[in-house]
Amino acid sequence: MSDRIPLKIIKIPALGGTPILGFAVRVHAAMLEEGWADATTAMVYHNTRAVVAMIEVGEPVGIITYDYVEHARNVNIGLGYVIADYRRRGIYKMMWSVLCEEARMLGAARVFSMVHAKNIAMLKVCSALDRRVESHNIVFDL
Ligand SMILES: CC(C)(COP(=O)(O)OP(=O)(O)OC[C@H]1O[C@@H](n2cnc3c(N)ncnc32)[C@H](O)[C@@H]1OP(=O)(O)O)[C@@H](O)C(=O)NCCC(=O)NCCS
């Protein structure tokens, strides 16, 4: 797109002790407000890994958090978020590319993520990035 902005994508091996930890917590809160996260599940831990998009002034505008499960060779994504004013400029796509690079370096064989069935934007992002739907969660409300 024409309005792409200069960005730095950084890799964080553990959020604890970094200023990005606070950003990740705010992102979780924003995702709860937007209806894309589960209020009963903690998403950010001291040792959570992340890929972060920073604008030139050193401010984070996007994040993908993840864990690596070595015995299963799985990278599991937790949060995926870009601040509303910065969406549709390819920022998630850039973070995804760095995440895949990092996942390969770790020895992962696949990257897993969960997407709400109503999150059409994220489903479109996934399909644009060749991520395939492998399963559906089935719920019966009592
Ligand atoms: C989903 C989200 C992370 C996408 O971030 P983004 O930086 O805007 O995504 P990108 O610009 O990298 O988009 C990459 C491609 O995905 C597709 N895409 C992205 N957003 C889309 C939308 N709203 N509708 C349709 N397609 C979309 C497009 O093909 C896009 O490429 P293009 O702009 O060149 O056509 C962002 O909208 C967001 O933070 N949403 C709220 C949080 C959320 O839903 N997180 C995921 C929870 S599982």
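Remember, it's 1-based here, ligands and their atoms both numbered in the order they're listed. The basis for the numbers below is simple: all heavy atoms, side chains too, and nothing from hydrogens, waters or symmetry mates.
- Contact annotation: for Met31 versus ligand 1, heavy atoms closer than 4.0 Å belong to the side chain alone.
- Within ligand 1, the atoms closer than 4.0 Å to a non-hydrogen atom of Ala128 are 16 (O), 29 (O), numbered from 1 in the order shown.
- Taking a cut-off of under 4.0 Å to the non-hydrogen atoms of Gly80, the atoms of ligand 1 that pass are 42 (C), 43 (C), 45 (N), 46 (C).
- At under 3.5 Å, a nitrogen or oxygen of Tyr92, whether backbone or side chain, sits near a nitrogen or oxygen of ligand 1.
- Not a single N or O atom of Tyr81, backbone or side chain, sits closer than 3.5 Å to an N or O atom of ligand 1.
- The shortest non-hydrogen separation linking Ala103 to Val75 is CB-CG2, 3.7 Å.
- Look at His116 and you'll find every heavy atom at least 4.0 Å from all atoms of ligand 1.
- Summarising the local packing, CZ of Arg110 is surrounded by more than 12 heavy atoms from other residues, nucleotides or ligands at distances under 6.0 Å.
- Nearest heavy atoms, Leu79 versus Ala24: CD1-O, 3.6 Å.
- The Met122 neighbourhood of ligand 1 comprises atoms 1 (C), 46 (C), 48 (S), with distances under 4.0 Å to a heavy atom of that residue.
- Nearest heavy atoms, Leu32 versus Asp38: CD2-C, 3.7 Å.
- Of the N or O atoms in Val82, one or more lie within a sub-3.5 Å distance of an N or O in ligand 1.
- The shortest distance between side-chain heavy atoms of Tyr66 and Val111 does not fall below 4.5 Å.
- Around NZ of Lys11, the count of heavy atoms belonging to other residues, nucleotides or ligands within 6.0 Å exceeds 12.
- The shortest non-hydrogen separation linking Glu34 to Tyr81 is OE2-OH, 2.8 Å.
- Taking distance alone, with nitrogen or oxygen atoms compared against 3.5 Å, Arg88 approaches ligand 1 more closely than that limit.
- When heavy-atom distances to ligand 1 are checked against a 4.0 Å cut-off, Leu129 has no atom that comes that close, whether in backbone or side chain.
- Smallest separation of non-hydrogen atoms from Val52 and Pro60: CG1-CB, 3.8 Å.
- Of all the atoms in ligand 1, the ones that sit under 4.0 Å from a non-hydrogen atom of Glu34 are 41 (C).
- Residue nearest to atom 19 (C) of ligand 1, selected from Val27, Val125, Leu123: Val125 (by heavy-atom distance).
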Hey, can you pull the donor-acceptor pairs under 3.5 Å for the side chains in residues 113-125, sequence neighbours left out?
from   : atom 1 : to     : atom 2 : distance (Å)
Ser113 : OG     : Arg131 : NH2    : 3.0
His116 : ND1    : Lys118 : N      : 3.0
Asn119 : OD1    : Met122 : N      : 3.2

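- Remark: ligand 1 atoms within the under-4.0 Å shell around heavy atoms of Met114 are 48 (S).
- The shortest N/O to N/O separation between Gly90 and ligand 1 falls below 3.5 Å.
- Every atom of ligand 1 is numbered from 1 in the order shown, and the set under 4.0 Å from a heavy atom of Lys93 is 12 (O).
- Nearest heavy atoms, Thr48 versus Asp67: CA-OD1, 4.0 Å.
- When each atom of ligand 1 is checked for a heavy atom of Asn119 under 4.0 Å away, the hits are 43 (C), 44 (O), 46 (C), 47 (C).
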